[in-house]
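Start at 1 and go down the list; that is how both ligands and their atoms are numbered.
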Amino acid sequence: MKVFTLATELPSIHIKNPNRKIAFIATMGALHEGHLSLVEAAQQDGYLTVVSIFINPLQFNNSSDLEKYPRTLALDLALLEAQGVDFVFTPTNEEMYPSTTADVVVDLGPLDSRFEGACRPGHFHGVVQVVYRLFNYVQPHVVYFGEKDLQQCLVIEQLVVQHFPDLQMRRVVTKREASGLAMSSRNMRLSDKGLETAAAIYKSLTAVVANPTQMGVTLAIEKQNLTSMGFDVEYLSCVMLPFMDELDNQQLQLLTQVTKSRQYAVVFAGSLEGVRLIDNLVF
Ligand code: PAF
């Protein structure tokens, strides 16, 4: 496994491997099995793998969240090496944001002002800036993103359509603990009790999807359940992809069967023990 810190070193990957296709996985480190499942998917598809580790200051709208973000580079590199990753890119802030480059413009439509866009103003602007630069530096053929960050996937799909028409984007289903809790770097900030309680998120999402004829009622009940368990719920809603249009009660009543079309999702965000968690189920 080769580790690069300079963007100018990255073209050598293509030069030395002219017959291989490159898969790219962007991360902010604090790696867990969820990240490794993205690498595994790329390896199974037969690609050379490039993983970036960069904590992007531009996507944190809260400076204490940025400070608290776990920094575990040595451990991350050991995990990637054990997983058989080919290349890692660990740029500095100066490398990613030289003063000479202008911001890229991506029309995110309503994605920028709904759900995560509304709860974390400026977040997707920051994600788009860093991902655009990373794609340009790495020049991958395929990119893999985790469906746990569903709205981020939808945002990046817009970036790809508008700026990288030849790039393939693959979403990988959320990796979960045995309890159903979606794997996340933030889980390590929960107490043992918090980890147990947080498993209720997946149970609520599953209950909503399992009751399509009663979805409006189930959403209200599950929101109440989670609140009574100590969650500060920001949203628990059913949306239509790809722009996360929230379904109102009338539309929910019409959704009388689980379509399996993967055009809808139940999305959740909320805090437990002061840790903000998100999850979703696409159906
Ligand atoms: O999902 C993440 O870890 C980040 O948002 C990403 C895509 C690496 C951009 O900084």
Chemist: Under a 4.0 Å threshold between the charged nitrogen and the carboxylate oxygen, would Asp112 count as salt-bridged to Arg120?
Modeler: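 No, Arg120 and Asp112 are not salt-bridged.
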Chemist: Considering the heavy atoms of Ala26, write down every atom of ligand 1 situated less than 4.0 Å from one of them.
Modeler: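 Listed by number with element, the hits are 8 (C).
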Chemist: Quick one: which of Gln59, Gln152, His35 has a heavy atom closest to atom 1 (O) of ligand 1?
Modeler: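 Checking each option, the heavy atom nearest atom 1 (O) of ligand 1 is found in Gln152.
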Chemist: Check each atom of ligand 1 against the heavy atoms of Thr27 and keep those under 4.0 Å away; list them by number with element.
Modeler: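 What qualifies from ligand 1 is 8 (C).
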Chemist: Starting from atom 3 (O) of ligand 1, locate the nearest protein heavy atom and write down its residue, its atom name and how far away it is, to 0.1 Å.
Modeler: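 Residue, atom and distance for the closest contact: Met28 CG, 3.6 Å.
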Chemist: Hey, is Ile156 touching ligand 1 through its side chain, its backbone, both or neither, going by heavy atoms under 4.0 Å?
Modeler: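 Neither part.
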Chemist: Any carboxylate oxygen within less than 4.0 angstrom of a Lys/Arg side-chain nitrogen, looking at Lys203 and Glu222?
Modeler: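 Salt bridge absent between Lys203 and Glu222.
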Chemist: Out of the candidates Val138, Leu38, Leu167, Val51, only one should pair with Phe24 under the side chain to side chain contact (heavy atoms under 4.5 Å, CB included) rule; please name it.
Modeler: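 Answer after filtering Val138, Leu38, Leu167, Val51: Val138.
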Chemist: Under 6.0 Å between the ring centres of His141 and Tyr47?
Modeler: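 His141 vs Tyr47: aromatic centres not under 6.0 Å.
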Chemist: Could you list which atoms of ligand 1 come closer than 4.0 Å to a heavy atom of Val130?
Modeler: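 Numbered from 1, ligand 1 contributes 9 (C), 10 (O).
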Chemist: According to side-chain contact (heavy atoms from CB on, under 4.5 Å), who are the partners of Glu33, at least two apart in sequence or on a separate chain?
Modeler: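 Glu33 satisfies side-chain contact (heavy atoms from CB on, under 4.5 Å) with Lys175, Met183 once adjacent residues are dropped.
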